[in-house]
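What follows is a single structure, written as structure tokens, with notes after it.
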Amino acid sequence: MPEDPDLDLRLVRYFAVVAEHLNFGRAAAALHVAQPALSRQIQRLEHQLGARLFDRTPQGSRLTDAGRVFLPRAHDLLHTAREAALATRAAATSGALTIGYVGDLVVTPAVRELRRRHPDAEITTRHLGWQEAHALPERRVDALVTRMPLPFPDGRFRVDTLYDEPRVLVVPASHPWAGKESVTLDDLGGAELAACTSTATIWAATPGSAARPSADDSFEDKLELIADGHGVAILPAGDRRPTLREDLATIPLEGIDPCRVVVATRGTDHNPLAGDFREIARVWLAPAA
């Protein structure tokens, strides 16, 4: 029975880059190696596998049938190796945890309890603006307390619901609805609603208004437009920022799904502090009954 090939991951990475460019010269430039050296490394990999992976053509190179079969497996090997290295590094530094949180959400009670349980751990917090929403997948934070929807694909993340928030309508203080006990989504009629992709906020411009909230506007700029009568917003009831302005009014909104507040962690993270924080957050961050 032939021996299993002992693959060199460096050669697998070289193969993946050549397969991406289908040109040894461009691949060598991307890898910062000499083209003859790259060709020799691919030949070494082909020898280890016992199969030719590329055919040379006047236009460059193309994958052989064996190369096409190997390519997705090569990507899987490289991804698994990277995840193994990151998980091992996280386990080696499991005495540290960085907790991210967004907007107006408060994590202090859960962080305080986590520090009480792990007095020797290095536990830090980081407030994130909406532009920094990818801090969790980029590994700049280890846990993220936020509102749905997540601004990144959640397939590789564990997402635990902490609680649901009702929603409110934010209008100018001079609006006829200001002071009402509640309004419904149907009351908005045909208003064109625009949901943000990275936050739980929904905006609507006032029909006929020359000024309209833009995706590039800051949250404060959008509130300014609302106060000036150019739009309305639907926000989670827990977001108290509009209540700090006397020229804005918030009204309970019925007929719309509540907003979920969640804690997200990486699914491949073996840091025990992350698991402890999830458990603590579910208890300590839930709103008082």
Taking distance alone, no hydrogens or angles, what donor-acceptor pairs closer than 3.5 Å link side-chain atoms of residues 274-286 to residues at least two apart or in another chain?
{"residue": "Asp276", "atom": "OD2", "partner": "His118", "partner atom": "NE2", "Å": "2.7"}
{"residue": "Arg278", "atom": "NH1", "partner": "Thr265", "partner atom": "OG1", "Å": "2.8"}
{"residue": "Arg282", "atom": "NH1", "partner": "Asp160", "partner atom": "OD2", "Å": "3.0"}

Exercise. Going through the distances and angles, do Ile42 and Leu11 end up as a side-chain contact (heavy atoms from CB on, under 4.5 Å)?
Worked result: CA-CA 7 Å; Ile42 294 298; Leu11 303 185; over 6 Å; no
For this session: I would like to know whether Leu71 and Leu63 meet side-chain contact (heavy atoms from CB on, under 4.5 Å); could you show each step before the answer?
Result: CA-CA 9 Å; Leu71 182 59; Leu63 287 165; 4.0 Å; yes
Problem set entry | Check against side-chain contact (heavy atoms from CB on, under 4.5 Å), Leu31 and Arg13 | CA-CA 9 Å; Leu31 290 165; Arg13 177 171 172 264; 3.6 Å; yes
Exercise. Stepwise, does the side-chain hydrogen bond (donor to acceptor under 3.5 Å, both in side chains) test hold for Thr161 with Arg260?
Worked result: CA-CA 7 Å; Thr161 298; Arg260 277 195 296 149; 3.2 Å; yes
For this session: Dump the intermediate steps for side-chain hydrogen bond (donor to acceptor under 3.5 Å, both in side chains) on Arg56 and Ser39, then the final yes or no.
Result: CA-CA 11 Å; Arg56 300 272 188 155; Ser39 296; 3.0 Å; yes
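Between the CD1 atom of Ile256 and the CG atom of Asp186 there is a distance of 11.0 Å, given to the nearest 0.5 Å. The CG atom of Leu235 sits 9.5 Å away from atom CG of Leu248, with the distance rounded to the nearest 0.5 Å. In this structure, the separation between CZ on Arg245 and OG1 on Thr250 is 13.5 Å, given to the nearest 0.5 Å. Between atom CG of residue Leu136 and atom CZ of residue Arg266 there is a gap of 5.5 Å, rounded to the nearest 0.5 Å. Rounding to the nearest 0.5 angstrom, the gap separating the OG1 atom in Thr98 from the CZ atom in Arg126 is 8.5 Å. Annotation: the span from His75 atom NE2 to Phe15 atom CZ amounts to 7.5 Å, rounded to 0.5 Å.
Side-chain contact check for Val107 versus His127: every heavy-atom pair is 4.5 Å or farther apart. The closest side-chain heavy-atom distance from Asp8 to Leu45 is not below 4.5 Å. In this structure, the side chains of Val18 and Phe24 come closer than 4.5 Å at one or more pairs of heavy atoms. With contacts defined as side-chain heavy-atom distances shorter than 4.5 Å, the pair Ile99/Thr124 does not qualify.
Among pairs with a residue in residues 229-241, those fulfilling salt bridge (Lys or Arg N to Asp or Glu O under 4.0 Å) read Asp239-Arg241, at least two apart in sequence or across chains. Within the structure, no pair that satisfies the ring-ring contact (aromatic ring centres under 6.0 Å, His included) test touches residues 232-258, not counting sequence neighbours. Each ring-ring contact (aromatic ring centres under 6.0 Å, His included) pair with one or both residues in residues 237-261, not counting sequence neighbours, would appear here, but there are none.
For the salt bridge (charged side-chain N to carboxylate O under 4.0 Å, His left out) test, no residue two or more places apart in sequence or in another chain qualifies with Asp164. When the salt bridge (charged side-chain N to carboxylate O under 4.0 Å, His left out) test is applied to Glu113, the partners found at least two apart in sequence or on another chain are Arg116, Arg117.
Clustering ILVMFWY residues whenever any of their side-chain heavy atoms sit less than 4.5 angstrom apart, transitively, puts Val141 in a cluster other than the one holding Val106. A continuous path of Ile, Leu, Val, Met, Phe, Trp and Tyr side chains, each step under 4.5 Å between heavy atoms, connects Tyr163 with Leu144, placing both in one hydrophobic cluster. Linking ILVMFWY side-chain heavy atoms closer than 4.5 Å, directly or via other members, places Val17 and Leu9 in a single hydrophobic cluster. Connection of Leu38 to Leu7 is established within a shared hydrophobic cluster, with ILVMFWY side chains joined at heavy-atom distances below 4.5 Å, either directly or through further cluster members. In this structure, Ile234 is a member of the same hydrophobic cluster as Trp177, with clusters built from ILVMFWY side-chain heavy atoms closer than 4.5 Å.
Within 6.0 Å of atom CD in Glu181, 12 or fewer heavy atoms from other residues, nucleotides or ligands are found, so the atom counts as exposed in its surroundings. Counting non-hydrogen atoms of neighbouring residues, nucleotides and ligands closer than 6.0 angstrom, the NE2 atom of His47 reaches no more than 12 such neighbours.
Remark: the backbone N or O of His230 is not paired with any side-chain donor or acceptor of Asp228 at under 3.5 angstrom.
Between Arg115 and Glu122, no side-chain nitrogen of the basic residue sits less than 4.0 Å from a carboxylate oxygen of the acidic one, so the salt-bridge criterion is not met. A salt bridge does not link Arg167 to Glu254: none of the charged side-chain nitrogens sits closer than 4.0 Å to a carboxylate oxygen. Between Asp76 and Arg73 no salt bridge is recorded (no basic side-chain N to carboxylate O distance below 4.0 Å).
Of the N and O atoms on the side chains of Gln41 and Arg44, at least one donor lies less than 3.5 Å from an acceptor on the other residue.
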